[in-house]
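Notes to accompany the following structure.
Within every chain, numbering begins at 1; the chains are lettered A, B, ... in the order of the sequence lines, protein sequences first and strands thereafter.
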2 protein chains.
Amino acid sequence: MAEADRGARPDMPTPPGRRPRKAAPARQPLTQELVVDTAIRVLDAEGLEAVTMRRVAQELGTGPASLYAHVSGKEELRELMLDRVAAEIRLPVPDPARWQEQLKELAREIRRVYTSHRDIAVVSMALIPTGPHLLDVAEAQLALMHAGGVPKRIAGLAVSTLGMFLDADAIEDTLHHAKTPAGAGDPWTYFQEYLNQIREYFAALPKDRYPTVSGMVDELTAEDGDGRFEFGLDMLVRGIASYAAEASRPAGDG
Amino acid sequence: MAEADRGARPDMPTPPGRRPRKAAPARQPLTQELVVDTAIRVLDAEGLEAVTMRRVAQELGTGPASLYAHVSGKEELRELMLDRVAAEIRLPVPDPARWQEQLKELAREIRRVYTSHRDIAVVSMALIPTGPHLLDVAEAQLALMHAGGVPKRIAGLAVSTLGMFLDADAIEDTLHHAKTPAGAGDPWTYFQEYLNQIREYFAALPKDRYPTVSGMVDELTAEDGDGRFEFGLDMLVRGIASYAAEASRPAGDG
DNA sequence: ACCTGAACACCGTTCAAGT
DNA sequence: ACCTGAACACCGTTCAAGT
């Protein structure tokens, strides 16, 4: 961190007769790594929508055209960002005796990392993983299911379903937080107020058209992001395990 | 359809001395309904990304500013589009004896309607339903679970989880189809070729880093959108039903 | 090889002015 | 009340020109 500007030394005055370049020159030579780092900084500070080619370029003290030497376009930049984020996910060493709990722990870890980078999960939705770190995560999930005796076909479907669940949940979690308008004080307070408005709206609904909804206002507005996550995760893992039980029944199962 | 231009008669010549307005005048008075109809036409033809305020205005023969009298902005337009689409979903009359199968049928119906309107499901993701037709769908889901004896708290979590699953699945389904570049022939052929490239890429992965993935190339690239949907749906509904069984055990259950 | 200024073809939203 | 032209502050990407 402290040595980031070595070599460029922008703190040095310009020698006489050696006219300075147009503006502050790029401190470091542009690299793909630097572009992705910068993009993630913008993501963390302001969310995925703020990560534009122009904005990232500006942050690097250059123009948008310069990025295209290191990245094929916005889509690739987003995928590189996701893979970089995926590198933060800590992966388990499979222990066949606790594969279900490990699968849940891994899911919680993915959720933690995703939601710590705003709405990065939007990029993951409907993306076939090809980046090295995203593939590490898939490998870990599949290895756990393999250790648990889940048939290959089921495991293949399950990574996909689990991925959909994780992406959707992370997006849900962060978009609620992010709905706060730019200068509207504390996001949490704002969201609570928004939830209260929803509660009022639901309570005011015509009871003849929406009898069930009307009687469930509290249950439907309980927020409860964690509860929803654990509920869905538990169903998913139990479902996956049920196939493992079927497959291993002849061999005897705990 | 044939009577759309009544009243405006753009086929009449302009009477002498009655200077024509700038371009073709708006044929029909602008209404929110007309704006939403037009937006959905653009959606169906070119996908959600093509639905811009400017594009919809152009389609209506006016400028983008004109839309703001009928719609507060792009976000509201998108939500109105989704609710209009949700009106197409056929809802069941609950039959307590087959509530699980009905819940599945409803999920398939939602999937059918969503995927028939390109990537409209993107709008649904992370949106609290407030439109009348979206609420009809939620009411139907909750009524089915109520008929099945699912506890309120579980039913509340389940609509949310089921919604996440349906949205994610519909997005996955349509984004694959939509990845086809503008003038690249048949989308299905294109996607098959893309899948083959993925297969090759997976097969070429280093086996020491990705031992499990390497041994599952076929299972991971089986496409199988329907299979994945039924797999996830079955797990979800079985999971929900397991809570109903717990709750109704004292009363005796079929 | 890498970088860039300028341009192209777009965005959403606002606002004063018209009818 | 409804509609609009013009403007504002943005987009992603391309390309010829520079170093």
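A side-chain donor from one of B:Glu88 and B:His117 sits under 3.5 Å from a side-chain acceptor of the other.
Atoms CD (B:Glu75) and C1' (C:dG12) sit 12 Å apart, rounded to a whole Å. Put simply, CD on B:Gln32 is 13 Å from P on D:dC3, counting in whole angstrom units. Between A:Leu77 atom CG and D:dC11 atom P the separation is 14 Å, expressed in whole Å. The CG atom of B:Leu30 sits 13 Å away from the C1' atom of D:dA1 (whole-angstrom rounding). Rounded to whole angstrom, the span from the CD atom of A:Glu76 across to the P atom of D:dG12 amounts to 15 Å.
Around atom CD of B:Glu49, no more than 12 heavy atoms belonging to other residues, nucleotides or ligands sit under 6.0 Å away. Around atom CD of B:Glu33, no more than 12 heavy atoms belonging to other residues, nucleotides or ligands sit under 6.0 Å away.
Salt bridge absent: B:Arg118 and B:Glu46 never bring a charged side-chain N and a carboxylate O closer than 4.0 Å. Salt-bridge check for A:Arg199 with A:Asp218: failed, with every basic side-chain N at 4.0 Å or more from each acidic carboxylate O. A salt bridge links B:Arg228 to B:Asp169: one of the charged nitrogens lies within less than 4.0 Å of a carboxylate oxygen.
For the C1' atoms, the distance linking D:dC8 with C:dC11 amounts to 12 Å, nearest Å. One C1' atom belongs to C:dA1, the other to D:dA17, and the distance between them is 15 Å to the nearest Å.
Distances shorter than 4.0 Å separate none of the side-chain N or O atoms of A:Ser66 from OP1 or OP2 on C:dC2.
For the pair B:Arg111 and B:Phe229, the distance from NZ or CZ to the six-membered ring centre is under 6.0 Å and the angle to the ring normal is within 45 degrees.
A heavy atom lying under 4.0 Å from DNA chain C marks the following residues of residues 41-59 of chain A, by number: A:Arg54.
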Practice task
Give DNA chain D the dot-bracket treatment, 5' to 3': Watson-Crick (N1-N3 with N6-O4 or O6-N4) or G-U (N1-O2, O6-N3) under 3.5 Å, [ ] crossing, | other strand.
Solution key: ||.|||||...|||||.||
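Relative to the side chain of A:Tyr68, the nucleotides D:dT14, C:dC3, D:dT4 differ in distance, and D:dT14 lies closest. Nearest to the side-chain atoms of A:Ala65 among the listed nucleotides C:dT13, D:dT4, C:dA6 stands C:dA6. When distances run from any side-chain atom of B:Lys74 to the nucleotides D:dC3, C:dT4, C:dG12, the shortest one goes to C:dG12.
To the nearest 0.5 Å, atoms OG (B:Ser124) and CD1 (B:Ile110) are separated by 9.0 Å.
Two residues are said to be in side-chain contact when any heavy atoms from C-beta on lie closer than 4.5 Å; B:His133 and B:Asp136 meet this criterion.
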